[in-house]
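This report concerns only the one structure given below.
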Amino acid sequence: MIAKPSAPQTEEELMQRAQSIAGLNLQQLAQLANVPVPDNLQRDKGWTGQLLEWHLGATAGSKPVPDFELLGIELKTIPVNRAGEPLETTYICVAPLTGCAGQTWPDSPVRIKLNRVLWVPILAERSIAVAQRIIGFPILWSPTVQEDLALQADWEELMDMIVLGQVDQITARTGEFLQIRPKAANSKVRTQGIGAHGQPIETLPRGFYLKKNFTRKILTDSALLT
DNA sequence: AAGTGATCATCT
DNA sequence: AGATGATCACTT
């Protein structure tokens, strides 16, 4: 067991730390942090992410600020198969359903969250026991101009629907790279939204997610540079 | 209730 | 098989 690592002071320090744990499995990481490894993630869905936060010295906890506040970097673990392709979509942030008229892409929570992300792939095929899943090589990413424009197009389409009172017509198919899906304890949870006639309605809380086609390109682009 | 971390499990 | 809609745990 080792003491919880302190917050990295520079990007280089963060990357060095992330690179130094690449190749280790989750059992080794859990042992260093002195935490037990769950048999499955059914009741511990955020376990891997929190384990990585511990090792890399993320500071935010569950506060609404970047994981590495000093560096303005967000940490995302992403489960991948042996080909390095994502197994799941990636949660970004809550979708604002009220008070978001007039918001623009550059100052949207989605754009801010994605400004600088440290992606840590985890070889996490379901057939591999949680303890044996392996940390991959980290990727520090910011959106390219093309990526930014593509996300903006999806975001504007989705936000237009929210503002126009069409939130209940949004499905996970809306948007090419960015999608909106439920984000709640269960399907009975309600939050306030905008109805078809501009009136307040009660609706399911939603979140923004990156589809796999988008994150797959981030991961494979980075592999080409390596 | 809303935010953090995500994966599960059912349907197509 | 893959994506969609639902769900789990914890913190503020």
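We name chains A, B, ... by the order of the sequence lines, and we start the count at 1 in each one.
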* With distance as the sole criterion, do the side chain of A/Glu88 and the base of B/dC8 form a donor-acceptor contact below 3.5 Å? -> yes

* Nucleotide B/dG5, atom P - distance to CG of A/Leu210 in whole Å -> 13 Å

* **Atom-to-atom span, CD of A/Gln42 to P of C/dA6 - whole angstrom** => 18 Å

* Between C/dG2, B/dA6, B/dG5, which nucleotide has the shortest distance from any of its atoms to the side chain of A/Thr77? -> B/dA6

* To do: For residues A/Pro38 and A/Leu41, determine if any side-chain heavy atom of one lies less than 4.5 Å from a side-chain heavy atom of the other.
  => yes

* Quick one: A/Asn40 CG to C/dA9 P, roughly how many Å, whole number? -> 11 Å

* **A/Leu204 CG to C/dG5 C1', straight-line distance once rounded to whole Å** => 9 Å

* For A/Leu97 and B/dG3, give me the distance from atom CG to atom P, rounded to whole Å. => 10 Å

* Asked: CZ of A/Arg43 versus C1' of C/dT7: gap in Å, rounded?
  -> 10 Å

* Asked: Side-chain donor or acceptor of A/Tyr209 under 3.5 Å from a matching atom on the base of C/dA3?
  -> no

* Sidechain N-carboxylate O distance under 4.0 Å for A/Glu74, A/Lys113 -> yes

* Among residues 152-182 of chain A, which contact DNA chain B at a heavy-atom distance under 4.0 Å? -> A/Arg181

* **First of A/Arg133 and A/Gly46 reached from the 5' end of DNA chain B, by closest nucleotide** => A/Gly46

* Asked: Hey, what do you get for CD (A/Glu156) to CG (A/Asp160), rounding to the nearest 0.5 Å?
  -> 7.0 Å

* Without hydrogens or angle criteria, can the side chains of A/Gln31 and A/Gln27 be said to hold a donor-acceptor pair below 3.5 Å? -> no

* Asked: Within a strict 4.5 Å, meaning less than it, do heavy atoms of the A/Glu53 and A/Asp67 side chains meet?
  -> yes

* To do: Return yes if some donor-acceptor pair links the side-chain N/O of A/Thr77 with the main-chain N/O of A/Thr48 below 3.5 Å, else return no.
  => no

* Asked: Under 3.5 Å, is there a donor-acceptor pair linking the side chains of A/Trp141 and A/Glu147?
  -> yes

* To do: Ignoring hydrogens and angles, state whether a donor on the side chain of A/Thr203 or A/Asp168 is under 3.5 Å from an acceptor on the partner side chain.
  => yes

* Asked: Between residues 98-128 of chain A and DNA chain B, which residues have a heavy-atom gap below 4.0 Å?
  -> A/Lys113, A/Arg126

